[in-house]
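Being a predicted model, the structure only gives us computed values, none of them experimental.
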Amino acid sequence: MEGDLAAAHQSLDAVTARGKLAAAAQAVDIQGRQVAEAAAKRTEEALALERERADALALDLSAANQDRDAAKEEVARLSAALEQQRETAVGLARNLTAARNRIDVLKARDAPRAQRVEPAPKVRVADGAGAHLAGKRARSVRAPAEQEIRKVAARKSRQPVPVATIPLPAALLPTRAPLRAASGLW
């Protein structure tokens with residue numbers, strides 16, 4: 001009986017040791033589960049925070065897109081208004097030029113004959129003379145000894161061209177000194 005009793009004590013000690021090991025393993029499992037649950041909870045909170053941030057960014061992006069679209073519409077509207085103003089300005093400039101021309105014509109009609117400025121008559125060259133003279137010029141450069149001198153009667157203009165002094169407004173006066181100040185030429 002003593003042997004049975006000793007065997008029973010040994011098996012009891014073994015069962016107790018296994019129970020303690022199982023309890024320690026279970027405590028480790030519980031602790032690991034608690035750590036995992038805490039990590040999962042932190043991950044869920046981080047995920048919720050990221051979702052909130054993503055939603056806020058989506059709202060910001062939507063507002064920025066609306067602002068961009070509104071700005072594009074404003075630019076298109078302003079461009080159309082600018083083009084219309086440009087066309088109006090061009091029309092007004094044409095009207096102003098036409099009015100100035102009419103005023104100039106009226107002033108010219110009313111001015112005494114001595115003050116009227118008439119364009120100088122244009123000198124006409126015979127049709128074949130231009131090509132003929134060009135060939136002569138080209139030849140004279142190549143062979144200067146063979147120059148041919150012709151006398152041509154110059155036409156006198158039928159009317160002398162009167163010289164008139166026209167006062168200029170201050171905006172049209174020159175701002176720089178003449179190139180040839182000594183000779184008085186501009």
Side-chain angles (χ1 to χ4, degrees), residues 47-186:
L47 182 60
L49 183 62
E50 286 300 317
R51 282 184 185 151
E52 288 175 9
R53 286 182 186 166
D55 291 343
L57 287 174
L59 289 174
D60 289 346
L61 179 62
S62 174
N65 285 339
Q66 289 175 353
D67 289 346
R68 183 200 64 214
D69 293 342
K72 281 183 179 179
E73 290 173 5
E74 185 68 15
V75 165
R77 187 183 66 75
L78 289 175
S79 294
L82 177 64
E83 187 60 33
Q84 186 178 11
Q85 288 298 322
R86 229 183 246 142
E87 290 173 5
T88 303
V90 167
L92 289 174
R94 285 183 188 147
N95 291 342
L96 179 62
T97 303
R100 283 182 178 165
N101 289 339
R102 281 182 287 204
I103 289 170
D104 291 344
V105 167
L106 291 175
K107 282 183 181 179
R109 280 188 207 158
D110 295 342
R113 184 151 183 91
Q115 291 181 354
R116 290 186 192 164
V117 176
E118 296 177 11
K122 293 183 180 179
V123 178
R124 292 188 180 186
V125 178
D127 292 338
H132 176 69
L133 290 176
K136 287 280 187 181
R137 274 187 234 126
R139 244 181 289 138
S140 66
V141 170
R142 285 187 226 123
E146 299 177 15
Q147 288 184 354
E148 181 179 316
I149 299 174
R150 283 181 155 183
K151 290 186 179 181
V152 178
R155 279 189 181 176
K156 292 185 180 179
S157 65
R158 295 179 187 153
Q159 299 177 10
V161 178
V163 177
T165 303
I166 301 172
L168 293 175
L172 296 177
L173 290 174
T175 57
R176 290 188 256 162
L179 294 176
R180 297 181 201 156
S183 64
L185 297 174
W186 287 90

Kindly determine whether Arg68 and Asn65 satisfy side-chain contact (heavy atoms from CB on, under 4.5 Å), including the steps that lead there.
-> CA-CA 5 Å; Arg68 183 200 64 214; Asn65 285 339; 3.4 Å; yes
Find the distance between [atom1] ([X]) and [atom2] ([Y]) and round it off to the nearest 0.5 Å.
{"X": "Glu52", "Y": "Leu47", "atom1": "CD", "atom2": "CG", "value": "10.5 Å"}
{"X": "Asp67", "Y": "Lys72", "atom1": "CG", "atom2": "NZ", "value": "12.5 Å"}
{"X": "Glu87", "Y": "Leu82", "atom1": "CD", "atom2": "CG", "value": "10.0 Å"}
{"X": "Leu49", "Y": "Arg51", "atom1": "CG", "atom2": "CZ", "value": "11.5 Å"}
{"X": "Glu74", "Y": "Arg77", "atom1": "CD", "atom2": "CZ", "value": "4.0 Å"}
{"X": "Gln85", "Y": "Leu78", "atom1": "CD", "atom2": "CG", "value": "11.5 Å"}

Under 6.0 Å from the CD atom of Glu83, do we count more than 12 heavy atoms belonging to anything else shown?
-> yes
Between the side chain of Ser62 and the main-chain N/O of Ala58, is any donor-acceptor distance below 3.5 Å?
-> no
